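What follows is a short report on a single structure.
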Amino acid sequence: MRREIKDTKVSIVTEPFPNGIDPVEWLQQQAENAHSALLLAHADDGVIWGKVANGALITMPEEVPLRTATLQQARLFSAEGEYYVWRDGDGKFHARIIKEGEETQTEYLDEAQVLWGDHAEPVANGFMKMSDGAQGLVHYVPIKLQKREYTERPLRLIVRHYLSKDEHGFVRVAFSRLVKLEAKES
């Protein structure tokens, strides 16, 4: 993917997480209206991928459920935007919502990050078990692949970096969000 700076409109809301609301339940509520969205969560007990199907959030691996007690951060994302929840150093949760096509004009560029996995095995609900190397690195991604073995890692996580200029005209990445997961099969 060649890096190209583009323009868009975006709205960003960052706030402390509302008291009394469970972050996992909140993500599941957002999933009800987030068609074709994916979830990438990092927890104390592993990486959890998910997808929205018929308004419900389905996660993998099944033996590592998405739970607030172990959640460090989670991103529910699609081309339209991202719901991001994270735990700070004091154990408090925060939320950020980014929506494309609204409010503030800004520049961005997309970056394709290569994900682990050169062996694919289909599992339940349209997920693939991706493994890599002798160390046994494994994660379950919500994407279908054509082949089982790859000479190169086929998965790409597309990350959108929003840019801003400081008072001296220097450009920097102001914030980033996940956009999509894709396979580069050749």
Side-chain angles (χ1 to χ4, degrees), residues 14 16-17 21-32 34-79 81-98 111-150 152-161 175-185:
T14 303
F17 209 76
I21 296 178
D22 181 86
V24 170
E25 288 178 19
W26 182 80
L27 284 167
Q28 290 169 338
Q29 290 171 358
Q30 305 315 311
E32 293 174 9
H35 307 289
S36 71
L38 300 178
L39 174 89
L40 178 56
H42 294 84
D44 294 340
D45 43 5
V47 172
I48 302 165
W49 280 97
K51 68 179 180 177
V52 176
N54 300 321
L57 187 57
I58 300 168
T59 61
M60 279 286 182
E62 293 174 338
E63 62 272 9
V64 182
L66 184 62
R67 10 183 225 133
T68 301
T70 60
L71 184 66
Q72 292 300 320
Q73 65 174 323
R75 295 171 185 263
L76 184 65
F77 63 96
S78 69
E82 177 186 75
Y83 297 95
Y84 175 41
V85 174
W86 74 95
R87 185 188 304 257
D88 68 17
D90 295 327
K92 295 180 181 153
F93 282 99
H94 300 270
R96 180 182 74 194
I97 301 170
I98 297 176
E111 174 187 25
Q113 295 185 350
V114 178
L115 297 183
W116 287 103
D118 57 11
H119 178 79
E121 180 183 330
V123 292
N125 299 316
F127 284 77
M128 300 295 285
K129 177 182 177 183
M130 298 299 296
S131 57
D132 197 321
Q135 298 164 338
L137 301 171
V138 173
H139 62 127
Y140 297 79
V141 294
I143 194 170
K144 291 192 178 205
L145 298 171
Q146 301 301 315
K147 300 189 313 186
R148 295 283 182 111
E149 298 285 338
Y150 294 88
E152 295 181 6
R153 295 179 178 114
L155 298 179
R156 305 292 184 267
L157 183 60
I158 307 303
V159 180
R160 179 156 297 162
H161 301 293
F175 53 96
S176 300
R177 75 171 185 90
L178 305 183
V179 178
K180 66 181 174 178
L181 175 65
E182 62 185 24
K184 178 184 169 190
E185 295 190 272

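Bear in mind that the values here come from a model prediction, so they are computed numbers and not experimental data.
Between M60 and V123, the shortest heavy-atom distance links the atoms CE-CG2, 4.5 Å. In this structure, K92 and H94 approach most closely via the heavy-atom pair O-CD2, 3.5 Å. The two residues A120 and M130 make their nearest non-hydrogen contact at CB-SD, 3.6 Å. Counting all heavy atoms, side chain and backbone alike, L181 lies closest to F77 at N-CE1, 4.4 Å. In terms of heavy atoms, S78 sits closest to R177 at O-NH1, 2.9 Å. Between S176 and R96, the shortest heavy-atom contact is O-NH2, 2.8 Å.
In this structure, the side chain of R160 does not engage the main chain of G81 through any donor-acceptor pair within 3.5 Å. Listed for the R156 side chain is a donor-acceptor partner under 3.5 Å among the backbone atoms of R153.
For CG of D44, the number of neighbouring non-hydrogen atoms (other residues, nucleotides, ligands) closer than 6.0 Å is greater than 12. By the 6.0 Å contact criterion, CD on E62 is open, its count of non-hydrogen atoms from other residues, nucleotides or ligands being 12 or less.
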Is there a side-chain contact (heavy atoms from CB on, under 4.5 Å) between L57 and L76 once you walk through the steps? CA-CA 10 Å; L57 187 57; L76 184 65; 4.2 Å; yes
What do the steps show when you test V64 against T70 for side-chain contact (heavy atoms from CB on, under 4.5 Å), and what is the final call? CA-CA 10 Å; V64 182; T70 60; over 6 Å; no
Tell me, with the steps shown, if L38 and L178 meet side-chain contact (heavy atoms from CB on, under 4.5 Å). CA-CA 9 Å; L38 300 178; L178 305 183; over 6 Å; no
Assess the residue pair K51 and F127 against the criterion (side-chain contact (heavy atoms from CB on, under 4.5 Å)); give the C-alpha distance rounded to whole Å, side-chain angles, the decisive distance to 0.1 Å, and a yes or no. CA-CA 9 Å; K51 68 179 180 177; F127 284 77; 3.9 Å; yes
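Here the straight-line distance linking atom CG of D45 with atom CG of L71 works out to 9.5 Å at 0.5 Å rounding. Taking NZ of K180 as the start and CD1 of I158 as the end, the distance is 6.0 Å to the nearest 0.5 Å. Going from atom CZ of F175 over to atom CD1 of I98 covers 5.0 Å, rounded to the nearest 0.5 Å. If you take CG on L157 and CD on E182, they are separated by 9.5 Å, rounding to the nearest 0.5 Å. Taking OG1 of T14 as the start and CH2 of W86 as the end, the distance is 5.0 Å to the nearest 0.5 Å. Rounded to the nearest 0.5 Å, atoms CG (L39) and CZ (R75) are 11.0 Å apart.
Note: W26 and F17 have perpendicular aromatic rings, judged against thresholds of 30 and 60 degrees for the angle between ring planes.
A donor atom on one side chain and an acceptor atom on the other are not found under 3.5 Å apart for H139 and W116.
W49 has its side chain out of reach of T59: every pair of non-hydrogen atoms, C-beta onward, lies at least 4.5 Å apart.
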